[in-house]
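The sequence lines fix the lettering, A, B, ..., with proteins before strands; numbering per chain opens at 1. On a predicted model such as this, the values are computed, not experimentally measured, just so you know.
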Amino acid sequence: MKLLRTFYEQATVAVARQLLGTYLVRVHSQGITVGKIVETEAYVGPDDKASHASRGRTPRSAIMFGPAGYAYVYLIYGFHHCLNVVTEPEGYPAAVLIRAVEPVEGVEVMRARRRTPGARSLTNGPGKLCQAFAIDRSFNGADMSGDVLFVEDRREPPPDIVATTRVGIDFAGPWKDKPWRFYIRGHAGVSKR
DNA sequence: CAAGAGATCATCT
DNA sequence: GATGATCTCTTGA
């Protein structure tokens, strides 16, 4: 079953944890790609110094202030796109970054879009999975309850979750120590242990 | 296997 | 004008 707005309106950390073990689906004319979500990070509220929303509402961060269930996609380091889903009620800026998935369907399409053919490194990082799933800035603001990009809950038993600190945010002061990165314990598709 | 450099641009100051 | 919610390749052990 497809995850809808009511799911994403929950507390961000709860959404980040519950997304583990669900399936990211991308419908494209080249073929459908599906990946099991194995790693996420939560960016929570106006005070989280690691979050793009910590400097208030800007043209870029405005989407995080909006209603839940929409995609927030941005370009980082001039090269890579990162995919987030906006969470919590409208007016409260928060989102979940999808950091890694395990390729499930459409592996050949993913391989064609990626540089390295190594199956294990196709989608084990936020920039990598965006490339493999053909997700770019045109998806910023896209409705993730729609038919092109969405998440499916296939009702599997909940995974064993590891909570640890987020990656690449050393500048965030006390907020860098928040245990808001989550991944499935022991899973090979995680970007970093 | 680990560490480091370089690539490159939208966004905010 | 500075800087990143990263990735890949190269180097050296």
For the residue pair A:Arg5 and A:Tyr70, establish whether any side-chain heavy-atom pair is separated by less than 4.5 Å.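 A side-chain contact exists here, since the closest heavy-atom pair is under 4.5 Å.
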C:dA5 base / A:Tyr74 side chain donor-acceptor hit below 3.5 Å: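 In this structure, the two groups form a donor-acceptor pair.
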Could you pick out which residue, A:Ile76 or A:Pro59, lies toward the 5' side of DNA chain B when each is mapped onto its nearest nucleotide?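 Of the two residues, A:Ile76 wins.
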Mapping A:Ser61 and A:Gly78 onto DNA chain B by nearest heavy atom, which one lands closer to the 5' end?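 Nearer the 5' end of the strand: A:Gly78.
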Pick one: which of A:Arg99, A:Arg166, A:Lys176, A:Lys192 meets salt bridge (Lys or Arg N to Asp or Glu O under 4.0 Å) with A:Glu41?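 For A:Glu41, the salt bridge (Lys or Arg N to Asp or Glu O under 4.0 Å) check succeeds only for A:Arg99.
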Just call it for A:Leu97: base, sugar-phosphate, or nothing, with non-hydrogen atoms closer than 4.0 Å on any strand.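 Base contact.
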Remember a base hit wins even if backbone is also touched, and classify A:Arg60 as base, sugar-phosphate or nothing at under 4.0 Å, heavy atoms.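 Sugar-phosphate: the residue A:Arg60, judged by heavy atoms under 4.0 Å, touches backbone atoms but no base.
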Ring of A:Tyr77 versus six-membered ring of C:dG4: centres under 5.5 Å and planes under 30°?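 Ring-base stacking flag not set for A:Tyr77 and C:dG4.
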Given Watson-Crick or G-U pairs with both distances under 3.5 Å, what dot-bracket string fits DNA chain C, with | for other-strand pairs and [ ] for crossing? ||||.|||||||.
What is the distance, rounded to the nearest whole Å, between atom CZ of A:Phe79 and atom C1' of B:dA7?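 Atom CZ in A:Phe79 sits about 3 Å away from atom C1' in B:dA7.
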Gap between atoms NE2 and P, on A:His52 and B:dT13 respectively (whole Å):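 From A:His52 NE2 to B:dT13 P: 12 Å.
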Does the side chain to side chain donor-acceptor pair (under 3.5 Å) test come out yes or no for A:Arg114 and A:Gln131, once each step is laid out? CA-CA 6 Å; A:Arg114 298 270 300 125; A:Gln131 192 180 5; 2.7 Å; yes
Taking the six-membered ring for Trp, is the centroid-to-centroid distance between A:Tyr72 and A:Tyr74 below 6.0 Å?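 Aromatic pair counts; centres sit under 6.0 Å.
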Side-chain heavy atoms under 4.5 angstrom apart, residues restricted to Ile, Leu, Val, Met, Phe, Trp, Tyr: same cluster for A:Tyr23 and A:Leu20?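 They do not share one cluster, since no chain of ILVMFWY contacts under 4.5 Å joins A:Tyr23 to A:Leu20.
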Considering residues, nucleotides and ligands other than A:Arg55, do more than 12 of their heavy atoms fall under 6.0 Å from its CZ?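 Result for CZ/A:Arg55: open.
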